[in-house]
Amino acid sequence: MSLAARRVMWGGTFAGILALTFVGLFKSRGSDPILIQVGPRSIPGIMGTQTEITAVVRADEEELGEQAHEVAEEVLRTMESRLSVHIKQSELGALNSAPAGQLVPMSPETVELLKRCRELTELTEGAFDPTAAPVFELWAEAGEHGRVPSPEDIRQAREQSTWDDFEFFPGESDGVMKRRDSAEVDLGAIAKGYAVDRAIEAMRSLGSTGGLVNVGGDMRFFGPRPGGDEWTIGLQDPFNPGSSEPMMRLRLPAAAVCTSGNYRRYSEVDGRRYSHIIDPRTGQPADTAPSVTVVAGDALAADAWATALSVLGPSGLGLVEGQESVEALVVVGDENEHHLYMTSGFGELILQSPGETMAEPPVASLP
Ligand code: AMP
Ligand code: MG
């Protein structure tokens with residue numbers, strides 16, 4: 001038996017922790033082939049966070065498991081080099097610094113990704129909007145400058161960039177052209193989720209029977225686990241972070257799960273913390289939902305909705321209900337008073353042992 005425990009910190013008021021436990025059993029069921037788990041292995045330094053990769057292969061294919069690790073890591077690094085806005089030569093770095101009217105060559109995948117992000121901006125009614133990049137920068141700099149941006153600074157920054165400022169050229173001349181010099185896009189809210197999807201795809205194409213890729217708490221699974229059990233995760237009670245008992249356990253059939261924490265990263269001015277998640281509609285830091293967990297068919301969607309719900313709070317769950325195979329849990333409040341809100345299907349993912357009762361606080365109904 002092999003056991004891996006993973007902890008992801010949610011900073012700030014809740015100091016909530018998502019504790020994940022994966023147990024690989026080296027046994028077969030009936031005539032199923034015997035599967036082994038290669039990993040989990042930790043890799044530091046991708047997208048500024050810790051990565052964990054596990055491959056599941058047949059017992060006689062250990063070498064394939066090793067190769068699955070290699071391709072997954074390579075894909076993650078390639079995605080970082082394409083999508084990071086902090087790397088000047090990345091596709092996104094080149095787009096952001098390009099003048100209007102110049103076609104910026106890009107991989108067809110990145111053009112498709114940008115188009116999917118534009119759709120997600122529509123689906124989330126503007127709560128997820130990577131083109132609000134100039135406003136994200138303004139707030140990121142607030143801590144360094146020691147003062148919060150003025151309403152006029154925010155208005156100007158928000159006015160600099162929208163999806164209408166980008167023209168996509170899929171096909172032979174793959175690339176994107178800006179209509180205004182000032183237009184920018186920041187994929188920080190979905191880069192990890194998207195990279196996880198691509199890494200999972202690469203492992204699957206290679207022939208790995210199953211696997212898990214977790215980049216800083218944004219993760220996706222596929223295939224069976226050794227023993228045929230489902231992948232499960234435990235959400236630690238954010239109000240009792242010292243406890244080794246999770247607040248709830250989730251069973252996850254092949255799916256992705258991502259978390260956003262409003263106070264995970266922040267700027268601090270005069271002792272007050274401002275979230276790194278910004279409401280693109282107002283240009284103000286989002287402080288409605290200190291932590292959000294989203295389960296979806298792919299990690300890109302889970303990541304985008306986690307950011308969007310951090311902006312929208314529980315009232316955004318109505319939008320999620322309309323999305324196929326997206327389920328979400330939103331935690332609101334503070335140490336003294338807090339509530340959990342979830343989509344109707346989220347409850348079905350919660351695993352409960354016989355006789356076990358749900359931990360406090362009770363699940364609140366939608367506002
Ligand atoms: P996440 O931790 O996945 O919620 O992503 C947060 C990062 O995405 C921030 O550091 C910004 O770079 C960017 N971001 C912040 N607010 C938004 C938003 N409302 N929509 C899209 N991207 C955002
Ligand atoms: Mg996100």
Side-chain angles (χ1 to χ4, degrees), residues 8-12 16 18 47-50 79-80 83-87 90 92-93 96 113-114 116-143 149 154 157-158 161-163 184-197 214-220 256-267 273-296 298-313 316 319-320 326 328-331:
V8 180
M9 296 298 299
W10 288 347
L18 178 66
M47 298 188 167
T49 187
Q50 196 73 13
M79 292 306 123
E80 180 176 26
L83 304 178
S84 172
V85 288
H86 307 295
I87 303 173
S90 74
L92 268 263
N96 288 346
L113 173 64
L114 286 167
R116 179 127 188 245
C117 285
R118 188 175 55 176
E119 275 166 30
L120 282 158
T121 299
E122 267 172 45
L123 289 176
T124 61
E125 297 184 348
F128 164 80
D129 186 351
T131 69
V135 190
F136 309 155
E137 280 161 32
L138 212 52
W139 283 101
E141 287 163 6
I154 293 170
R158 189 64 195 100
S161 175
T162 71
W163 281 118
E184 272 181 59
V185 66
D186 172 349
L187 297 185
I190 50 89
K192 287 190 289 205
Y194 176 72
V196 165
D197 285 336
N214 176 357
V215 179
D218 291 352
M219 70 192 80
R220 182 164 168 185
V257 58
C258 292
T259 56
S260 267
N262 261 2
Y263 294 92
R264 230 168 160 189
R265 297 209 315 271
Y266 50 81
S267 290
R273 289 175 176 186
Y274 296 92
S275 170
H276 69 297
I277 299 172
I278 308 298
D279 183 341
R281 302 161 309 173
T282 62
Q284 294 294 326
D287 57 8
T288 328
S291 75
V292 174
T293 300
V294 177
V295 176
D298 63 60
L300 166 61
D303 210 357
W305 278 104
T307 302
L309 286 171
S310 298
V311 168
L312 297 168
L319 279 180
V320 180
V326 184
L329 167 73
V330 178
V331 181

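Note that ligands are numbered from 1 as they come in the structure, with each ligand's atoms numbered from 1 the same way.
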| said: Below 3.5 Å, N or O to N or O, backbone or side chain included: is there any such pair between Ile278 and ligand 1? | reply: yes
| note | Partner of Val215 under side chain to side chain contact (heavy atoms under 4.5 Å, CB included), picked from Arg220, Met79, Lys192, Gln50, is Lys192
| said: Taking 4.0 Å as the limit for heavy-atom contacts, which would you say applies to Asp303 with ligand 1: side chain only, backbone only, both, or neither? | reply: side chain
Can you list, pair by pair, the side-chain donor-acceptor contacts under 3.5 Å of residues 299-309, counting residues two or more places apart and other chains?
unit_1, atom_1, unit_2, atom_2, d
Asp303, OD2, Gly193, N, 3.0
Thr307, OG1, Asp303, O, 3.2

| message | Using modelled atom types and a 3.5 Å cut-off, is there a donor and acceptor pairing between side-chain atoms of Glu184 and backbone atoms of Asn96? | response | no
| request: Pull out every atom of ligand 1 sitting under 4.0 Å from any heavy atom of Ile277, numbered as shown with elements. | output: 4 (O), 15 (C), 16 (N)
| query | Looking only at heavy atoms, is any part of Ala127 under 4.0 Å from ligand 1, and if so is it the side chain, the backbone, or both, or is it neither? | reply | backbone
| Under 3.5 Å: N/O of Ser260 near N/O of ligand 1 | yes
| query | Can you tell me if Thr121 uses its side chain to pair, donor with acceptor, with the backbone of Phe128 under 3.5 Å? | reply | yes
| said: For atom 23 (C) of ligand 1, tell me which residue out of Trp139, Phe136, Trp305 has the closest non-hydrogen atom. | reply: Phe136
| task | Step by step, work out the side-chain contact (heavy atoms from CB on, under 4.5 Å) result for Tyr194 and Leu83. | result | CA-CA 10 Å; Tyr194 176 72; Leu83 304 178; 3.6 Å; yes
| note | When rounded to the nearest 0.5 Å, the distance separating CG of Asp186 from OG of Ser84 is 9.0 Å
| Ser291 side chain to Val331 main-chain N or O, any donor-acceptor pair under 3.5 Å? | no
| request: Would you mind finding which of Leu120, Val292, Thr307 brings a heavy atom closest to atom 3 (O) of ligand 1? | output: Thr307
| query | Is it true that Pro280 lies under 4.0 Å from ligand 1, counting heavy atoms only? | reply | yes
| said: Quick one, Asp129 with Arg158, criterion side-chain contact (heavy atoms from CB on, under 4.5 Å). Give me CA distance, side-chain angles, the key distance, then yes/no. | reply: CA-CA 11 Å; Asp129 186 351; Arg158 189 64 195 100; 2.9 Å; yes
| said: Within the 4.0 Å heavy-atom shell around Asp186, which atoms of ligand 1 are there? | reply: 11 (C), 12 (O)
| said: Using side-chain contact (heavy atoms from CB on, under 4.5 Å), reason through Asp218 and Ile190 one step at a time and then give a plain yes or no. | reply: CA-CA 9 Å; Asp218 291 352; Ile190 50 89; over 6 Å; no
| query | Hey, which atoms in ligand 1 end up nearer than 4.0 Å to a heavy atom of Gly188? | reply | 5 (O), 7 (C), 8 (O)
| request: With side-chain contact (heavy atoms from CB on, under 4.5 Å) as the test, would you mind laying out the steps for Trp139 and Ser275 before giving the verdict? | output: CA-CA 9 Å; Trp139 283 101; Ser275 170; over 6 Å; no
| request: Enumerate the protein N/O/S atoms at a distance below 2.8 Å from the Mg ion (ligand 2), ignoring waters. | output: Ala189 O, Asp303 O, Asp303 OD1, Thr307 OG1
| query | Should you measure from each heavy atom of Phe128, which atoms of ligand 1 turn up under 4.0 Å away? | reply | 20 (N), 21 (C)
| Shortest non-hydrogen separation from Gly313 to Val330 and the atoms involved | C-CG1, 4.2 Å
| task | For residues Pro280 and Gly126, report the shortest heavy-atom separation together with the two atoms involved. | result | CG-O, 3.3 Å
| task | Closest by any non-hydrogen atom to atom 8 (O) of ligand 1: pick that one out of Ala189, Ser310, Ala304, Gly126. | result | Ala189
